[in-house]
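All remarks here apply to the structure that follows.
Numbering starts at 1 and runs along the sequence shown. Computed from heavy atoms alone, side chains included, the values below leave out hydrogens, waters and symmetry copies.
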Amino acid sequence: MVTRRVAALLLRVAVRRWPAELRADLAREWAAELHELARTGRRWGMLRFAASLAARRAATPLTGRAGSRRLGRTAGVLLLAPPACVAVLVLAGAVMALTHGWLEMRVPWAAAAQLPTWSALTALLGTALALGVTRAARRTVRVGALPTALGVLLPIAATVTATLALLAARGESRVWETVPGLLLWLALLTAALWTAGALARRGRVRLAWSAGLLGALVAADAAVVLAVVTSIPATAPVADGLPPDAVDRISAPLWLFTCWTDSSFGLPRPTGWERFLITDRVLVEPMFHLACTPYALAYAIAAARPAPAAVPGPEPVPAPA
């Protein structure tokens, strides 16, 4: 038992010399090796193993098996999450279409429920994705708030570019007109994630969530406003007694919520015709913002939170005979 305690002490000394984000993984890996040496009765092997780790110079954060695993996990999470958001959007839309097909022959409000249903399903599935990302983010590489924000947003930008290119190749019209709004959204969301990550890094997690959600909402709203302003005029002539194909700018702050709910919230603007024009021109982008925001904020905040410095000691084992 004395040999085991000395080895455990040396192991704790060795672990503390490594960066905080790697300590938990290294402690588990080395404790398992120490346990195996103790189980087989190799007392001097335990001491040599623990002493060599205590005397070894700590490597850089991304070297060694534990660091490589963290780097691979980080790349996997950041690269796979944006396509998963696209899948969330498609799945929610498919369920919405099936639900509408079932309701339209039964209730008169089936058409009005389409956008709220799509939004609710997208938010629900996006939140589920964010929960998985949060768990994974605790085992990824920890860097500064700005590099984390850029690491989240660059794969999203790559996914958006690939999706737009695919739609353009299939002959979809007006695809590239969405680019200015998407670029504005990415820029403002980067600032929101940077702010949230910086606050979480100081331990102010609740404030980080509040600031991040507010910033992400402003980013999505500004992107929708830009998309509507650049594609639908503020005034237009009246033809054949029909409403003009125009949208009054006074209701601009509500356009994002109009895209999510197809509602004017009891206000005179936007009118029913304006809501039709807005949702006809800007429909998929607000849903994509809704799908991406939960995971992006969850990763930025979870990855920025300080890693626990305490290292659990090895579990006691029976003394070798």
Side-chain angles (χ1 to χ4, degrees), residues 80-101 103 110-131 133 152-153 155-164 166-168 170 172-186 188-189 192 212-213 215-228 230-232 247 252-265 270 274-298:
L80 293 178
C85 290
V86 176
V88 162
L89 190 62
V90 173
L91 178 59
V95 174
M96 178 269 294
L98 292 174
T99 303
H100 173 70
L103 289 175
Q114 282 184 285
L115 285 183
T117 301
W118 194 7
S119 300
L121 290 171
T122 300
L124 182 63
L125 294 174
T127 301
L129 175 64
L131 292 175
V133 166
V152 172
L153 268 299
I156 294 178
T159 301
V160 168
T161 302
T163 303
L164 293 180
L166 178 61
L167 293 175
R170 295 179 57 183
E172 298 289 340
S173 60
R174 305 175 68 178
V175 167
W176 299 110
E177 292 182 12
T178 64
V179 171
L182 289 170
L183 289 177
L184 178 62
W185 174 66
L186 290 170
L188 295 178
L189 186 59
L213 287 172
L217 189 62
V218 170
D221 198 18
V224 170
V225 169
L226 179 59
V228 173
T230 56
S231 59
I232 305 176
V247 175
L254 294 177
W255 292 346
L256 173 65
F257 305 99
T258 294
C259 293
W260 284 342
T261 64
D262 195 19
S263 172
S264 299
F265 308 98
E274 288 175 335
R275 292 202 310 270
F276 171 78
L277 294 176
I278 292 169
T279 54
D280 181 63
R281 173 61 187 87
V282 185
L283 180 60
V284 177
E285 298 96 306
M287 300 299 175
F288 184 68
H289 304 337
L290 187 59
C292 288
T293 296
Y295 114 80
L297 276 175

Please report the interatomic distance CG(L183) to OG1(T178), rounded to the nearest 0.5 Å.
9.0 Å
I need the minimum non-hydrogen distance between G126 and P294, along with the two atoms involved.
O-CB, 3.7 Å
Taken to the nearest 0.5 Å, the spacing of L124 CG from L129 CG works out to 11.5 Å
Going from OG1 on T279 to CG on L277, what distance comes out if it is rounded to the nearest 0.5 angstrom?
8.0 Å
Could you state the interatomic distance from CG (L256) to CD (E285), rounded to the nearest 0.5 Å?
11.5 Å
Mind listing the closest non-hydrogen atom pair of E177 and P180 along with its distance?
O-CD, 3.4 Å
So which heavy atom on A216 is nearest to which on A192, and how close?
N-CB, 3.8 Å
For a 4.5 angstrom cut-off between non-hydrogen side-chain atoms, does V224 reach W185?
no
Quick one, V228 and R281 - any side-chain contact, counting heavy atoms below 4.5 Å?
no
Measuring from L217:CG to L189:CG, what's the distance to the nearest 0.5 Å?
11.5 Å
Please assess F288 against V160 for the test side chain to side chain contact (heavy atoms under 4.5 Å, CB included), listing each intermediate value before the final yes or no.
CA-CA 10 Å; F288 184 68; V160 168; 3.5 Å; yes
Donor-acceptor pairs under 3.5 Å, side chain of residues 110-122 to any protein atom, not counting sequence neighbours: which ones?
residue : atom : partner : partner atom : Å
T117    : OG1  : A113    : O            : 2.6
W118    : NE1  : L89     : O            : 3.3
S119    : OG   : L115    : O            : 3.0
S119    : OG   : W260    : O            : 2.6
T122    : OG1  : W118    : O            : 2.8

A222 and L188 have their tightest heavy-atom pair at CB-CD1, 3.8 Å
Is there a donor-acceptor contact under 3.5 Å from the side chain of T258 to the main chain of S263?
yes
Please name the pair of heavy atoms, one in P83 and one in L80, separated by the smallest distance, quoted to 0.1 Å.
CD-O, 3.3 Å
Heavy atoms only: give me the nearest V152-A296 pair and the separation to one decimal.
CG1-CB, 3.7 Å
Interatomic spacing from CG in D280 to SG in C259 - rounded to 0.5 Å:
11.0 Å
